[in-house]
Amino acid sequence: MCEQRERLISYVYDECEPQERQNVELHLSGCPTCRDEIGGLRRVRQDLLAWDVPEHGSVWKPFAPPAPKPSWRDVPAWALAAAAGLIFLAGAAGGVATRVLWPAMAAVPAEASSGAGSAMAPPATLAQIKADILAEVRAEVEQRPGSGPIQQHQSDAIPAHMVQGASGASPEVRQLTRRLAELEQDYQDWRNDQIRLNVQVNEKLVGLGTRTRTLSNMLDLSTHFQRISAAATEPAR
Amino acid sequence: MTRTDEELVASATAGDMESFNQLVIRWERPIYALAYRTLGREEDARDVAQEAFLRAYRGLRGFKGEAKFSSWLYRITVNLCRDWMRRERRAPIVSLPEGVDPVDLADDQASPAESVEDLVARREMSQAVARAMADLPEEQRSAILLKEYHGLTFQEIADMLNCPLSTVKTRLYQGLSVLRRRLERQQAEEASLRRATWESSS
């Protein structure tokens with residue numbers, strides 16, 4: 001018996017290089033034992049083809065596509081929660097924006113506004129204007145003959161004696177004093193408007209808070225129903 | 001246009017279940033056949049084939065495409081069959097019918113042109129092969145099954161069975177040689193039996 005097992009197997013299964021194939025064929029032409037061996041291997045391979053596998057059904061239950069869900073289940077719970085949070089934040093941001101943006105919108109110089117009554121200035125600007133006007137009035141009154149130094153008041157209100165003192169003052173001083181009084185009124189109006197707005201914002205926030213809680217409760221219910229539904233549709237183990 | 005295994009694997013990995021269904025449809029028969037010829041019983045083959053596809057599905061993300069998908073699937077099946085036989089502590093079963101039912105034969109005819117005699121001979125040969133294969137050592141049987149019925153290359157079988165290429169060829173040669181002797185002996189015995197039956201009847 002030739003020691004050609006590996007070469008014969010490769011040859012029988014036609015899994016060898018062309019050169020190797022030629023070498024085996026050359027060997028077979030002069031070796032009857034290997035020729036017989038090759039013949040036997042080919043016959044047994046032929047016999048193996050007779051081994052049938054019985055017919056059988058599918059061994060696999062195909063994956064079903066995901067079942068359609070009710071519309072309310074299309075929106076994930078986290079998205080609903082996020083939406084509720086956003087609404088709440090938007091409401092809160094609106095309140096904050098009102099506080100921040102309102103004074104900025106009114107920060108137009110008083111000289112540029114068409115009417116004194118419509119001028120809306122932030123407190124810092126108002127205070128500055130007021131201080132400037134008071135300083136001017138004080139300086140003018142003190143310069144008048146017989147006038148002594150005027151005591152500076154801490155109150156926001158214009159001192160009555162200043163207004164009285166200014167009655168005999170020059171037209172510029174009187175105009176400034178009137179302007180100061182108007183600005184003071186505008187400031188009060190602005191504060192009242194702001195308080196009113198704050199109340200409205202807070203009312204909105206309370207309403208949003210209620211709605212958020214309602215949404216939150218609905219989400220809890222939704223999660224609960226999903227769990228129940230999943231448990232009901234899960235195949236029995 | 002038919003999608004390749006690799007394309008279907010990529011889609012299935014991305015979550016497309018239908019792609020995995022397509023892979024199952026494509027490879028169900030070969031995997032079942034390998035399990036059946038290794039274990040010899042339909043119920044066992046069915047269980048192993050199911051388990052093989054389930055493992056493939058679970059391990060799809062771990063399949064890096066270094067080997068062909070089919071080779072990977074065959075490896076899973078071969079390992080499952082080994083585990084099965086180890087667990088059951090038994091060699092493959094060869095189920096032998098008590099007799100030949102003509103109605104059964106009619107269903108099994110390969111073609112209308114095949115005569116009943118040819119059909120009987122084919123079935124006898126099928127059983128003879130099954131018996132002879134069941135007696136082979138597991139390594140030789142696996143090598144022959146993967147080569148003869150699934151057309152894997154020597155290298156693919158070597159990779160799958162974790163052995164050198166030369167070992168695969170040796171196992172094939174030894175296994176085929178044993179089969180050849182057994183089948184020739186069986187054929188000789190059957191021929192002798194037929195001759196004796198014919199002589200006694202005449």
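Chain identifiers are assigned alphabetically (A, B, ...) following the order of the sequence lines, protein sequences preceding nucleic acid strands; residue numbering begins at 1 within each chain. The structure presented is a predicted model; accordingly, all values stated were derived computationally and were not measured.
Residue contact with chain A, scored on non-hydrogen atoms closer than 4.5 Å, involves the backbone and the side chain of B:Gln50 alike. Interface remark: B:Leu176 contributes backbone and side-chain atoms alike to the contact with chain A (heavy atom separation under 4.5 Å). The contact between B:Leu145 and chain A is made entirely by side chain atoms (from C-beta outward), counting heavy-atom distances below 4.5 Å. Residue contact with chain A, scored on non-hydrogen atoms closer than 4.5 Å, is absent for B:Glu124. Using a 4.5 Å cut-off between heavy atoms, B:Leu54 contacts chain A through both its backbone and its side chain.
Using a 4.5 Å heavy-atom cutoff, the side chains of A:Leu41 and B:Tyr173 are in contact. Put simply, the side chain of B:Phe154 does not reach to within 4.5 Å of the side chain of A:Glu6, judged on heavy atoms. The closest side-chain heavy-atom distance from B:Asn21 to A:Trp60 is below 4.5 Å. With a 4.5 Å cut-off on side-chain heavy atoms, B:Val168 and A:Ile9 do not count as touching. Side-chain atoms of A:Glu55 and B:Arg29, non-hydrogen and from C-beta on, do get closer than 4.5 Å to each other. Side-chain contact between B:Tyr149 and A:Val53 is absent, with no heavy-atom pair separated by less than 4.5 Å. Looking at A:Asp52 and B:Arg122, their side chains come closer than 4.5 Å, going by heavy atoms from C-beta outward.
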Q. Given B:Met125 and A:Gln46, is the side-chain contact (heavy atoms from CB on, under 4.5 Å) satisfied, shown in steps?
A. CA-CA 11 Å; B:Met125 177 56 79; A:Gln46 190 65 36; over 6 Å; no

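Between A:Trp51 and B:Tyr36, a ring centre-to-centre spacing not shorter than 6.0 Å is recorded.
The 12-atom threshold is exceeded at CD of B:Glu199, counting heavy atoms of other residues, nucleotides or ligands nearer than 6.0 Å.
Note that CD of B:Glu148 and CZ of A:Arg45 are 4.0 Å apart. Values are rounded to the nearest 0.5 Å. Put simply, CG on A:Leu48 and CZ on B:Arg37 are 9.0 Å apart, with the number rounded to the nearest 0.5 Å.
Across A:Ala50 and B:Ser126, no two heavy atoms sit closer than the pair O-CB, 3.0 Å.
A salt bridge does not link B:Lys169 with A:Glu15: every distance from a Lys NZ or Arg NE/NH1/NH2 to an Asp or Glu carboxylate oxygen is 4.0 Å or more.
Judged by distance alone, the side chain of B:Tyr32 and the main-chain N or O of A:Gly57 form no donor-acceptor pair under 3.5 Å. Judged by distance alone, with hydrogens and angles left aside, the side-chain atoms of B:Arg46 form no donor-acceptor pair with the main-chain N or O of A:His56 at under 3.5 Å.
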